[in-house]
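To keep things clear, I will list the structure first and then write my remarks on it.
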Amino acid sequence: MSRVLLIEDDPAVREGLELALTRHGHRVRAVESGELGLERLRAEMPDVVVLDVMLPGMDGFEVCRRIRAAGQVPIIMLTARGDDIDVVAGLEAGADDYVVKPVQPRVLQARIGAVLRRIGREQAELERYGELSIDRAALVVAKGGVAVALAPTELRLLLELSATPGRVHTRQQLLESVWEHGYFGDSRLVDACVQRLRAKIEDDSAAPVYVQTVRGFGYRFGPV
């Protein structure tokens, strides 16, 4: 039974999602503010956080940044609009995925299932690429012998790209393999995650060595 922390200020939405997720077998802790959500996060450490963007007091973007600064729990953001403003801001704050309101419980359940499967997959082998090492069994990435803290989706993206060094992956392929959905050809998820990953593993994110852009096609890992 997975533990879900739901942070949503609308009582009707909160109660409806809590009931639906509970019926799907999750153990749900629902709170109405970001401040309370951060308290519950420290006390209980959920498997995934479902976070509304529009919250009273501390907004969802700030809550997302604080959660990400404190740990690598997956974050799915709920946004009332599907435009670039909320989506890109949420991804840059460290969210792993997003769902546009009004939320269909079956869609949210599918996204939660996908993110939990992603972080649960393990592949044995320690791989070295220059100063970067990837332990697929332990799901640990290090650079120069120092562990690199990656969010779950960043790690999954790195694992996907590094599994076939030199191979070019289109954004659509990465959406389907890493996020497990490819609706609307939404490349924003991929590009934002690549930027965050580069900031953590590259010496110079403007001249990447590990995660390289192939203009007009997509991304590839190395060759290093």
Side-chain angles (χ1 to χ4, degrees), residues 1-55 60 63-64 66-68 70-80 82 86-87 90-91 93-124 136-140 149-160 174-184 186 189 193:
M1 181 181 291
S2 59
R3 297 163 296 175
V4 177
L5 173 60
L6 171 62
I7 308 175
E8 165 63 63
D9 67 310
D10 186 312
V13 175
R14 186 173 64 249
E15 292 169 10
L17 291 179
E18 181 179 10
L19 179 60
L21 293 176
T22 300
R23 285 176 175 171
H24 277 98
H26 301 287
R27 188 170 65 197
V28 183
R29 171 73 69 176
V31 297
E32 64 271 21
S33 72
E35 292 82 356
L36 288 174
L38 292 173
E39 289 181 11
R40 298 320 309 167
L41 182 77
R42 288 188 289 268
E44 300 181 9
M45 189 48 65
D47 298 305
V48 61
V49 175
V50 178
L51 172 63
D52 185 29
V53 167
M54 301 300 293
L55 293 171
V63 175
C64 183
R66 295 194 184 194
I67 292 174
R68 184 56 68 235
Q72 305 308 314
V73 60
I75 303 168
I76 299 174
M77 298 201 78
L78 306 180
T79 172
D86 280 359
V87 172
L91 296 173
D96 296 280
D97 205 344
Y98 69 93
V99 176
V100 177
K101 288 183 173 181
V103 180
Q104 298 296 320
R106 61 183 178 79
V107 173
L108 180 57
Q109 163 60 20
R111 299 294 180 80
I112 290 174
V115 77
L116 291 176
R117 286 194 298 275
R118 291 199 299 269
I119 65 174
R121 290 172 183 157
E122 296 183 356
Q123 301 177 36
R136 293 181 180 270
L139 298 180
V140 173
L150 297 179
T153 306
E154 295 163 3
L155 176 59
R156 178 62 181 155
L157 177 62
L158 179 59
L159 293 176
E160 183 71 19
L174 291 171
L175 273 172
E176 294 170 359
S177 59
V178 177
W179 281 265
E180 298 186 6
H181 62 77
Y183 66 103
F184 302 139
D186 194 347
L189 286 168
C193 192

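Just so it is clear, the values below take in all heavy atoms, side chains as well, and ignore hydrogens, waters and symmetry mates.
- Once rounded to the nearest 0.5 Å, the distance linking CG of Leu139 with CG of Leu159 reads 6.5 Å.
- No donor-acceptor pair under 3.5 Å is formed between the side chain of Trp179 and the backbone N or O of Arg111.
- Legend: side-chain hydrogen bond (donor to acceptor under 3.5 Å, both in side chains) pairs involving residues 17-31, not counting sequence neighbours, sorted by first then second residue: Ser2-His26, His26-Gln109, Arg29-Glu44.
- Note: Asp97 CG to Ile75 CD1 = 11.5 Å, rounded to the nearest 0.5 Å.
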**Asked** Would Leu21 and Ile112 satisfy side-chain contact (heavy atoms from CB on, under 4.5 Å), going step by step from the backbone distance to the final call?
**Response** CA-CA 10 Å; Leu21 293 176; Ile112 290 174; 3.8 Å; yes
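- Take Arg14 and apply the side-chain hydrogen bond (donor to acceptor under 3.5 Å, both in side chains) test, not counting sequence neighbours, and it matches no residue.
- Tested against Tyr98, the residues Val53, Asp86, Leu189 include a single side-chain contact (heavy atoms from CB on, under 4.5 Å) partner, Leu189.
- Between the CG atom in Leu5 and the CD atom in Glu39 there is a gap of 11.5 Å [rounded to 0.5 Å].
- Sorted by first and then second residue, the salt bridge (Lys or Arg N to Asp or Glu O under 4.0 Å) pairs involving residues 1-10 (not counting sequence neighbours) are Arg3-Asp47, Glu8-Lys101.
- Within the 4.5 Å cutoff, the side chain of Ile7 has heavy atoms near those of the Val63 side chain.
- Separation of atoms CG (Leu6) and CD (Glu32) is listed at 10.5 Å; rounding is to 0.5 Å.
- In this structure, Leu78 and Leu17 have side chains that are in contact, with non-hydrogen atoms separated by less than 4.5 Å.
- By the 4.5 Å heavy-atom criterion applied to side chains, Val50 and Val28 are not counted as neighbours.
- Met77 and Gly90 get closest at one heavy-atom pair: SD-CA, 3.5 Å.
- Using a 4.5 Å cut-off on side-chain heavy atoms (C-beta onward), Ile76 and Leu108 make contact.
- Put simply, CG on Leu38 and OG on Ser33 are 8.5 Å apart, with the number rounded to the nearest 0.5 Å.
- In this structure, Leu41 CG and Ile67 CD1 are separated by 5.5 Å, a value rounded to the nearest 0.5 Å.
- Looking at Arg156, Arg68, Gln72 one by one, the single match for side-chain hydrogen bond (donor to acceptor under 3.5 Å, both in side chains) with Asp96 turns out to be Arg68.
- For the pair Pro105 and Ala20, the tightest heavy-atom approach, listed with the atom from each and the gap, is CB-CB, 3.6 Å.
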